Number of protein chains: 2
Amino acid sequence: MSRRPVMSDVAARAGVSHQTVSRVLNGHPHVSPTTRTRVLAAIAELGYRRNLSARVLATGRSNVVGVVAQNTTLYGPSSMVQAIGEAALGADLSLTVGHVAGYDATAASRRIVERLVQQGAAGLVFIAPVDAAAEAMRLVPPGVPIVTVDGLPEWNVTNVSVDQFAGGRLATEHLLKHGHRTVWHVAGPEQWHGSRAREAGWRSALAEAGAQAPPMLRAGWSAASGYQCGRMLARIPDCTAVFAANDHVALGVMRALAEQGRRVPQDVSLIGFDDVPEAAYFHPALTTVRQEFADVGRQALRLLLDQLVAGSRTETSALVEPALVDRDTVARPPDRSGS
Amino acid sequence: MSRRPVMSDVAARAGVSHQTVSRVLNGHPHVSPTTRTRVLAAIAELGYRRNLSARVLATGRSNVVGVVAQNTTLYGPSSMVQAIGEAALGADLSLTVGHVAGYDATAASRRIVERLVQQGAAGLVFIAPVDAAAEAMRLVPPGVPIVTVDGLPEWNVTNVSVDQFAGGRLATEHLLKHGHRTVWHVAGPEQWHGSRAREAGWRSALAEAGAQAPPMLRAGWSAASGYQCGRMLARIPDCTAVFAANDHVALGVMRALAEQGRRVPQDVSLIGFDDVPEAAYFHPALTTVRQEFADVGRQALRLLLDQLVAGSRTETSALVEPALVDRDTVARPPDRSGS
DNA sequence: CGCTGAAATGTGAACGCAAACATGCGGGGT
DNA sequence: ACCCCGCATGTTTGCGTTCACATTTCAGCG
């Protein structure tokens, strides 16, 4: 018989009933040690694996949590997925990650959510830095707990994000503190909640210092788009301080600046966001605002777990504080007056 | 009733039998148009989703493929996972990704494989750039198709990888062609098959050109480790050409070189590997060997699909050719003789 | 007008497991 | 000696679906 062995095969081999096998498998009490070892031996000999579908069907419970993620090639999202994965393993949960492809995020998200729900996912984590996820979230049946990462407060679900507003302020204040009159901002894609929050933080810090906000440039998350913006900035003599959407954008800006002969940080100060591992090795080493992505992932899973045991959706939230990492790309502005 | 609706609920509502509902759901013939629309309406009204566990249990078939991946925060692995995910969505397969955490790769891989098998995965993709995966692979029951990515030929399973040996040769030859007497190599972690293959390619090209291989330095994949190696290299006046394990290592090397006042490419030529998106914006722009990760992912899924329809394991393999991307970090060696 | 057969629909079982309930067995208290 | 209780184990049922087969309906044809 080449068919995969089932519980009754094991039972027959061990000379017990299938229920005893079940008990051994689930660590139930009231199984004598000798029987247990006999059953275990039979399992090993047959190479038996229990059928999870049957188990889920019988119990009505599944310990798989679904993750809906997109842009998983980016450092942030991939770090979070990784962290969620590790945390899940620790909590004895299984993880199904749906990777939303780029072309049609809404349709793809839907399909993925549909699959996850049909699979009986016990809970869902949405890495939802853009609005596309919100719509797919509505497909989730009411009973299933949800946690969003980088979601919006008005979605009324448990959410965890880095406090990007605070991060934007931090970056801007740091530059201001060095004596820059104002700070330019190369923002990330406007669909991303994080970009908007950072922008708001930037404006807030500027306003608080009584500085006027220069026009904002719009980049993507890529070095390429940063480079484009950098070429513009390099032509603006007034521009002595730049807050970039993320580290890769900062890299692009830095490159463009260098090509135009503007030195960082002597002529222009620059600050990034994320603190990707290689940022410390840019030339010069990038001053940036660090996001603890792994921490976000862990908290997300913890909040999901809370809901799982509570048995219903709640709406607590967590904010992770970013931290400034001071390296070599921020200095005092060039002394224009020659004092 | 707050219980999730099941097929018979839909059937009752539509005034048909549960089997007719099933037929509609599965697109079977012999259902009259009017009944079909009635059933569809009932499904919509009730918000019915079919229970995938029950379906898998009944059919014995599952259309989920498992992916076992590690180091998913790295650009390469994450790109491949993403590509596999997109391809799977296109083939109407569901993907369960197990992310192996760093600390104990072997144990974690095992647990993940175990889960995937119990879940009834139809096939498995192992992103197996290190040996830890091989052991976990043995846990997979014989009937389940396997494809490895970056696996070893001696594992005797279908494998797809980038031809890293060719890549190593490509890089080395490119430097040699510019007149360098020899090429230094900062290698990646020796557990990774890719590192070893690149190293072999490097040695092969050197031997073919009659150049003597200088001692090899060992880095990780990180810019930090590249920096450490770069500090050594910067002190060696003979060293005019360096082939780095990957782009981030190259970045670290470049940084160390710059700190010691050795210019790239005037004093030292440098070549990376991978072509990460930001490599073009390093300063100077990095010459590198491009790996088409997405292509690898797609091919992996295609080969798995082939096995799925064939119904058994096969041992075909695919090799993806890397390509040299010529940018600004390679030049002729400095003219020592002063000619 | 009744017969044939295909189309449309229904019925019962099976998938592999766990939960609830049932049974047998032995030992301690009175 | 009796009963009761707790441990170890077996039996039955049901989870939600699909599959194989049974049944009904209805059109077409001799």
Side-chain angles (χ1 to χ4, degrees), chain A residues 1 3-40 42-43 46-64 94 115 117-122 141 143, chain B residues 1-40 42-43 46-64 94 115 117-122 141:
Chain A
M1 76 161 188
R3 190 180 95 270
R4 290 257 282 265
V6 300
M7 210 175 250
S8 52
D9 298 328
V10 175
R13 174 131 193 165
V16 297
S17 77
H18 66 119
Q19 177 60 322
T20 301
V21 176
S22 173
R23 274 192 268 260
V24 170
L25 243 29
N26 295 307
H28 284 187
H30 310 318
V31 176
S32 77
T34 60
T35 321
R36 155 169 281 115
T37 56
R38 266 223 314 285
V39 169
L40 255 20
I43 289 177
L46 261 35
Y48 167 76
R49 331 291 255 265
R50 76 169 137 208
N51 181 323
L52 226 45
S53 296
R55 180 188 165 88
V56 169
L57 183 58
T59 59
R61 284 172 271 116
S62 91
N63 54 355
V64 350
S94 174
R115 264 264 161 60
V117 168
Q118 289 185 7
Q119 241 172 63
Chain B
M1 76 156 188
S2 65
R3 190 180 95 272
R4 287 258 282 268
V6 300
M7 211 173 250
S8 53
D9 297 328
V10 175
R13 174 130 192 166
V16 298
S17 77
H18 63 119
Q19 176 61 329
T20 301
V21 177
S22 171
R23 275 192 268 258
V24 170
L25 244 30
N26 295 309
H28 283 188
H30 309 318
V31 177
S32 78
T34 60
T35 329
R36 156 169 280 114
T37 56
R38 267 223 314 285
V39 169
L40 255 19
I43 288 177
L46 260 35
Y48 166 77
R49 330 292 253 267
R50 79 168 135 209
N51 181 324
L52 226 45
S53 295
R55 180 185 163 86
V56 169
L57 183 58
T59 59
R61 282 172 273 113
S62 91
N63 54 354
V64 350
S94 174
R115 265 261 162 60
V117 168
Q118 289 185 8
Q119 240 172 65

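Residue numbers start from 1 in every chain, and the chains themselves are labelled A, B, ... in the order their sequence lines are given, proteins ahead of strands. Only a predicted model underlies this, so the values are computations on that prediction, with no experimental measurement involved.
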Residue of the set A:N51, A:L25, A:I43 for which side chain to side chain contact (heavy atoms under 4.5 Å, CB included) holds with A:M7
A:L25
For A:R50 and C:dC15, what is the distance between atoms CZ and C1' respectively, to the nearest whole Å?
17 Å
Under 4.0 angstrom between B:S17 side-chain N/O and C:dT11 OP1 or OP2:
no
Rounded to whole Å, please give me the gap between NE2 in B:H18 and P in D:dT18.
10 Å
What distance do B:N63 atom CG and A:R115 atom CZ have between them, rounded to the nearest 0.5 Å?
5.0 Å
Give a yes/no on whether any side-chain N or O of A:T35 is located under 4.0 angstrom from OP1 or OP2 of D:dT9.
yes
Applying a 4.0 Å non-hydrogen cut-off, can you work out what A:V56 is touching in the nucleic acid: base, sugar-phosphate, or nothing?
nothing
At under 4.0 Å, does any side-chain N or O of B:R23 touch on OP1 or OP2 of C:dG10?
no
Looking at CD of A:Q19 and NE2 of A:H28, how far apart are the two atoms once the value is rounded to the nearest 0.5 Å?
8.0 Å
Measure the distance from CG on B:N51 to P on D:dT18 and round it to the nearest whole Å.
10 Å
Stepwise, does the side-chain contact (heavy atoms from CB on, under 4.5 Å) test hold for A:R50 with A:N26?
CA-CA 11 Å; A:R50 76 169 137 208; A:N26 295 307; 2.9 Å; yes
Can you check whether B:A14's main-chain N or O pairs, donor with acceptor, with B:R38's side chain at less than 3.5 Å?
yes
Measuring to OP1 and OP2 of C:dA18, would you say a side-chain N or O of A:T59 lies under 4.0 angstrom away?
no
Bend angle of the helix from C:dC1-D:dG30 to C:dT30-D:dA1 from five-pair axes at both ends, rounded to 10°?
50°
Send over the distance from A:Q119 CD to D:dG16 P, rounded to a whole Å.
17 Å
Using a cut-off of less than 4.0 Å, is there contact between a side-chain N or O of B:R38 and OP1 or OP2 of C:dA8?
no
Whole-Å distance between C:dA13 C1' and B:Q19 CD?
12 Å
How long is the straight-line distance from NE2 of A:H30 back to CZ of A:R23, given to the nearest 0.5 Å?
9.0 Å
Are the side chain of A:S53 and the backbone N or O of B:V56 linked by a donor-acceptor pair below 3.5 Å?
no
Has A:T20 got a side-chain N or O lying under 4.0 Å from the OP1 or OP2 atom of D:dA8?
no
Calculate the interatomic distance between A:H30 atom NE2 and C:dC25 atom C1'; express it in whole Å.
15 Å
Specify the separation, in whole Å, of atom CG of B:L57 and atom P of D:dG16.
12 Å
Can you tell me the distance, in whole Å, between the CZ atom of B:R61 and the C1' atom of D:dT17?
12 Å
